[in-house]
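Starting from 1, each residue takes its place in the sequence as its number. Keep in mind that the numbers below use all heavy atoms, side chains included, and drop hydrogens, waters and symmetry copies.
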Amino acid sequence: MKKIFAAVILASLVACSAQRNITSASSATSGIVVNGKLFTAFYQQQAAEYSALCFQAYNIARLRLDEALQQPTTKPLAIVTDIDETILNNSPYAAHQALQGKDYDGKSWINWTDLGECDTLAGTVSFFNYAASKNVEIFYITNREEKERDGTMKNLQQYGFPYVDSTHLILNEDADNSKESRRQAVAATHNIILLLGDNLADFSDLFDKKTVDERLQNTQLSSAEFGKRFIVLPNWNYGDWETSEYQYNYKLTEAQKDSIIKTVLKSY
């Protein structure tokens, strides 16, 4: 009887310990921001609809490219593209962070990009190689930093993206992260026929560090360009759509971000 009683007590202690661990893990991953990143990563990795949206974007891009090839030009043709969530899928990073109860941070991001293990978005490689076969140069304008060059080049080269060299891979050197000066440098020597990105700032300085209302207004002003010269890829994981709600304050805690989100969400 004593042995049975001891076994019951031990089992109860183990169960309580396991429950505390589960509760602790649940607490670590609670909140809108962290759980949101986990759910969007889940969608990005598993939803056929996500692949369909990517194929749709690149199918439209090919149509626009073919149209542009019929037009006269005095400069070499070029396409400007973003990298993250436009041609490379970083959802494993988002999932890794969220499972630890964390959002993005610079150190862990560098550790991730150094691996050079991002998968590609559906339709990307075939589209860019098709463009290259038509003598259209590809410029990769990204806000990845110089210290990420080796991992980024390794990642792009392993999938056979064209024009992956020091001239065409244009990394971030601006403290404000604007891509405008880099786009203008390409435009000085090339006719940019398409821009591809997941964030509106990938297309125009109309969207650089703008408020939520300004972003919406400028999207309306630019409406004719979307699907024509601007090709948008889906990204529910992060972007200025989120940070504009925080007024670009990157020092907010997850709890502070959650609080802001709750104030703007519509419900009934």
query: Between Asp84 and Arg144, is a side chain to side chain contact (heavy atoms under 4.5 Å, CB included) present by the stated rule, with each step listed?
result: CA-CA 9 Å; Asp84 297 306; Arg144 292 190 179 195; 2.6 Å; yes

Inter-residue atom distance Thr219.OG1 - Leu200.CG, 0.5 Å rounding: 4.5 Å

message: Is a donor from one side chain sitting under 3.5 angstrom from an acceptor on the other, for Tyr50 and Gln45?
response: no

message: Treating Gln220 as the side-chain partner and Leu216 as the backbone partner, does any N or O pair qualify as donor plus acceptor under 3.5 Å?
response: no

- request: Mind checking the NZ-CD spacing from Lys210 to Gln217? Nearest 0.5 Å is all I need.
  value: 11.5 Å

- prompt: Going through the checks in order, is the salt bridge (Lys or Arg N to Asp or Glu O under 4.0 Å) test met by Lys37 and Glu254?
  reply: CA-CA 12 Å; Lys37 300 298 169 67; Glu254 275 69 52; over 6 Å; no

message: I'd like to know if the side chain of Asn129 and the backbone of Gly160 have a donor-acceptor N/O pair within less than 3.5 Å.
response: yes

- request: May I ask you to decide whether Glu225 forms a salt bridge with Lys228, counting only side-chain N to carboxylate O separations under 4.0 Å?
  value: no

message: Tell me whether Thr142 contacts the main-chain N or O of Ile83 through its side chain, where contact means a donor paired with an acceptor under 3.5 Å.
response: no

query: Taking atom types as modelled, is there a side-chain donor on Gln71 or Glu67 under 3.5 Å from an acceptor on the other?
result: no

- request: Just say parallel, tilted or perpendicular for the rings of Tyr43 and Trp236, cut-offs at 30° and 60°.
  value: perpendicular

Closest contact, heavy atoms only, Cys54 versus Leu233: CA-CD1, 4.0 Å

task: Using atom types as modelled and distance alone, determine if a side-chain donor or acceptor of Arg183 lies under 3.5 Å from a backbone N or O of Asp202.
output: yes

field: Pairing of Asp208 and Lys179 as salt bridge, 4.0 angstrom limit
entry: no

task: Given side-chain hydrogen bond (donor to acceptor under 3.5 Å, both in side chains), test Glu85 with Asn237 step by step and report yes or no.
output: CA-CA 9 Å; Glu85 274 54 66; Asn237 238 321; 5.9 Å; no

- request: Take Asp240 and Tyr248, measure what side chain to side chain contact (heavy atoms under 4.5 Å, CB included) needs, and give me the verdict at the end.
  value: CA-CA 8 Å; Asp240 287 351; Tyr248 303 96; 3.9 Å; yes

Minimum side-chain heavy-atom gap Asp119-Leu88 below 4.5 Å: no

field: Minimum side-chain heavy-atom gap Tyr238-Asn90 below 4.5 Å
entry: yes

Flag, side chain of Ser133 to backbone of Tyr130, donor-acceptor distance under 3.5 Å: yes

field: Ile192 vs Arg229, side chain to side chain contact (heavy atoms under 4.5 Å, CB included): CA-CA, chis, key distance, verdict
entry: CA-CA 9 Å; Ile192 301 175; Arg229 191 164 177 261; 3.7 Å; yes

query: Is it the case that more than 12 heavy atoms not belonging to His96 sit under 6.0 Å from its NE2 atom?
result: no

- prompt: Do Asn199 and Asn235 have a side chain donor and acceptor closer than 3.5 Å?
  reply: no

field: Atom of Tyr159, atom of Cys118 and distance for their closest heavy-atom approach
entry: CE1-O, 3.1 Å

message: Which heavy atom of Ile261 sits nearest to which heavy atom of Tyr246, and what is that distance?
response: CD1-OH, 3.6 Å

- prompt: Between Tyr104 and Tyr93, what is the ring plane arrangement, given parallel below 30°, perpendicular above 60°, and tilted in between?
  reply: perpendicular

message: Quick one about Ser91 and Asn89 (side-chain donor to acceptor, distance below 3.5 Å, no hydrogens or angles considered), yes or no?
response: yes

field: Cluster overlap Leu169 with Val125, hydrophobic side-chain contacts below 4.5 Å
entry: yes

task: State, with a plain yes or no, whether a side-chain heavy atom of Ile79 is found less than 4.5 Å away from one of Phe128.
output: yes

Same cluster (ILVMFWY, side-chain, under 4.5 Å), Ile170 and Ile138: no

query: If two hydrophobic side chains count as joined below 4.5 Å and joins carry through other members, does Leu53 share a cluster with Leu121?
result: yes

- request: Would you please say whether a donor-acceptor pair under 3.5 Å links the side chains of Gln97 and Asp105?
  value: yes

message: Using modelled atom types and a 3.5 Å cut-off, is there a donor and acceptor pairing between side-chain atoms of Lys154 and backbone atoms of Leu115?
response: yes

field: Closest heavy-atom pair and its distance - Lys75, Thr73
entry: O-OG1, 2.9 Å

- request: Report yes if the side chains of Leu196 and Asp82 come closer than 4.5 Å at any heavy-atom pair, otherwise no.
  value: no

message: For a quick check under 3.5 Å, do Asn111 and Ser108 share a side-chain donor-acceptor pair by atom type?
response: no

field: Nearest-0.5 Å distance that lies between atom CG in Asp176 and atom CG in Asn143
entry: 9.0 Å

- prompt: Would you say Leu206 and Phe226 are hydrophobically clustered, going by side-chain heavy atoms of ILVMFWY under 4.5 Å?
  reply: yes

- prompt: For the atom pair OG1 (Thr81) and CZ (Phe161), what is the distance rounded to the nearest 0.5 Å?
  reply: 8.0 Å

task: Answer yes if the side chains of Trp112 and Glu117 hold a donor-acceptor pair under 3.5 Å, and no otherwise.
output: no

task: Say whether, by atom type as modelled, one donor and one acceptor occur between the side chain of Arg182 and the main chain of Leu171 under 3.5 angstrom.
output: yes

His190: partners by side chain to side chain donor-acceptor pair (under 3.5 Å), with sequence neighbours left out: Glu137

- request: Considering only NZ, NE, NH1 and NH2 on the basic side and carboxylate oxygens on the acidic side, decide whether Lys257 and Asp103 come within less than 4.0 Å.
  value: yes

- request: Quick one: pull up CZ in Phe55 and OG in Ser126 and give me the separation to the nearest 0.5 Å.
  value: 7.5 Å

message: Tell me if the CD atom of Gln157 is crowded by more than 12 foreign heavy atoms within 6.0 Å.
response: yes

query: Do you know which two heavy atoms are closest between Val186 and Ala78, and how far apart they sit?
result: CG1-CB, 4.4 Å

message: Counting only heavy atoms from other residues, nucleotides and ligands, does the tally under 6.0 Å from CD of Glu173 exceed 12?
response: no

message: Go through it in stages, so that I can follow the logic: the residues are Glu214 and Phe207, the test is side chain to side chain contact (heavy atoms under 4.5 Å, CB included), and I'd like the CA-CA distance, side-chain angles, deciding distance and then a yes or no.
response: CA-CA 8 Å; Glu214 288 172 327; Phe207 302 102; over 6 Å; no

message: Any side-chain to backbone donor/acceptor pair from Asp258 onto Val33? Under 3.5 Å, distance only.
response: yes

- prompt: Hey, quick one: are Tyr58 and Ile193 part of the same hydrophobic cluster, counting side-chain heavy atoms closer than 4.5 Å, chains of contacts allowed?
  reply: yes

- prompt: Quick one: OG on Ser51 to CD on Gln46, what's the gap to the nearest 0.5 Å?
  reply: 10.0 Å

field: Beyond-backbone contact of Ile231 with Ile60, side-chain heavy atoms, under 4.5 angstrom
entry: yes

statement: Shortest non-hydrogen pair, Ala41 vs Ala94, comes out as CB-CB, 4.3 Å

